[in-house]
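Chain letters run A, B, ... following the sequence lines, proteins first, then strands; residues in each count from 1. Just the heavy atoms: all of them, side chains too, but no hydrogens, waters or symmetry mates, feed the values below.
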Amino acid sequence: TKDSAVKDEL
Amino acid sequence: MNIFRLAGDMTHLFSVLVLLLKIHTIKSCAGISLKTQELYAIVFTTRYLDLFTTYISLYNTIMKLIFLGSSISIVWYMRHHKVVRRSYDKDQDTFRHYLLMLPCLLLALLINEKFTFLEVMWAFSLYLEAVAILPQLVLLQRTRNIDNLTGQYVLLLGAYRALYVLNWIYRYFTEENYVHWITWVSGIVQTLLYADFFYYYFQSWKNNVKLQLPA
């Protein structure tokens, strides 16, 4: 799904 | 990484450096809210639990370690350093910050990207970060004389948040599958909390007078 984008922000 | 994200991270880093400079060289934490600093230490501890599970980049790992280490050491200095702690405005810094944590936890249990421990903690850290500046803003309003470093610290933190909003807009239009509703909504709420401070900061800068917030 769209919501599972990687959390690459701090 | 786009320019807004990098500039946002750098202003965040500078805000921490300004605070450490004040604490280390002037040996003072006057005007700084320990309540806000404690909340930030909790925010980074709960958000960066993925240090152990997900590797993103060396940059990402180093920045996470810097924000974790600096937030925890600032709290330590304000509580325990024999000189620094004397400058802490304890009587003015009365915001009941732990009361912010329960609603954030409940919200995180209800609204998260996935109902797992890491995801709930991640959502909690975002909700808590959105309101973590409140004790600091209340303290600023109570402090008669806001020194330059404290003003710059809050300005840099606000700039970091505003740049992250620009970064999200940029990423939304340039990347496929880039959607983070929880981050966006809590981030925008957080940025709006700085609007009032920005207004008075630029007024004082424009008129070349010392920053003072209305009571």
Quiz prompt | Check against ring-ring contact (aromatic ring centres under 6.0 Å, His included), B:Phe44 and B:His12 | solution = CA-CA 13 Å; B:Phe44 296 129; B:His12 190 189; 5.8 Å; yes

Practice problem: Give, as side chain, backbone, both or neither, the part of B:Asn60 having an atom under 4.5 angstrom from any heavy atom of chain A. | Solution: both

Exercise. Side chain from CB out, backbone as N, CA, C, O: work out which of these in B:Glu119 comes under 4.5 Å of a heavy atom of chain A, or both, or neither.
Key: side chain

Quiz prompt | Backbone of B:Asp93 reached by a side-chain donor or acceptor of B:Lys35 within 3.5 Å | solution = yes

Quiz item: Between B:Arg142 and B:Asp89, is there a salt bridge with N-O shorter than 4.0 Å?
Solution: no

Practice problem: Among B:Asp50, B:Thr54, B:Asn167, B:Thr183, single out the residue with the greatest number of heavy-atom pairs under 4.5 Å to chain A. | Solution: B:Asn167

Quiz item: If you tally heavy-atom pairs under 4.5 Å against chain A, which of B:Glu175, B:Arg5, B:Met63 wins?
Solution: B:Arg5

Quiz prompt | Contact check, side chains of B:Leu155 and B:Phe198, non-hydrogen atoms, under 4.5 Å | solution = yes

Exercise. Evaluate the ring planes of B:Phe202 and B:Trp205, with Trp represented by its six-membered ring, and classify them as parallel (under 30°), tilted (30 to 60°) or perpendicular (over 60°).
Key: perpendicular

Quiz item: Picking from B:Phe67, B:Trp122, B:Tyr48, which has the most non-hydrogen pairs under 4.5 angstrom with chain A?
Solution: B:Trp122

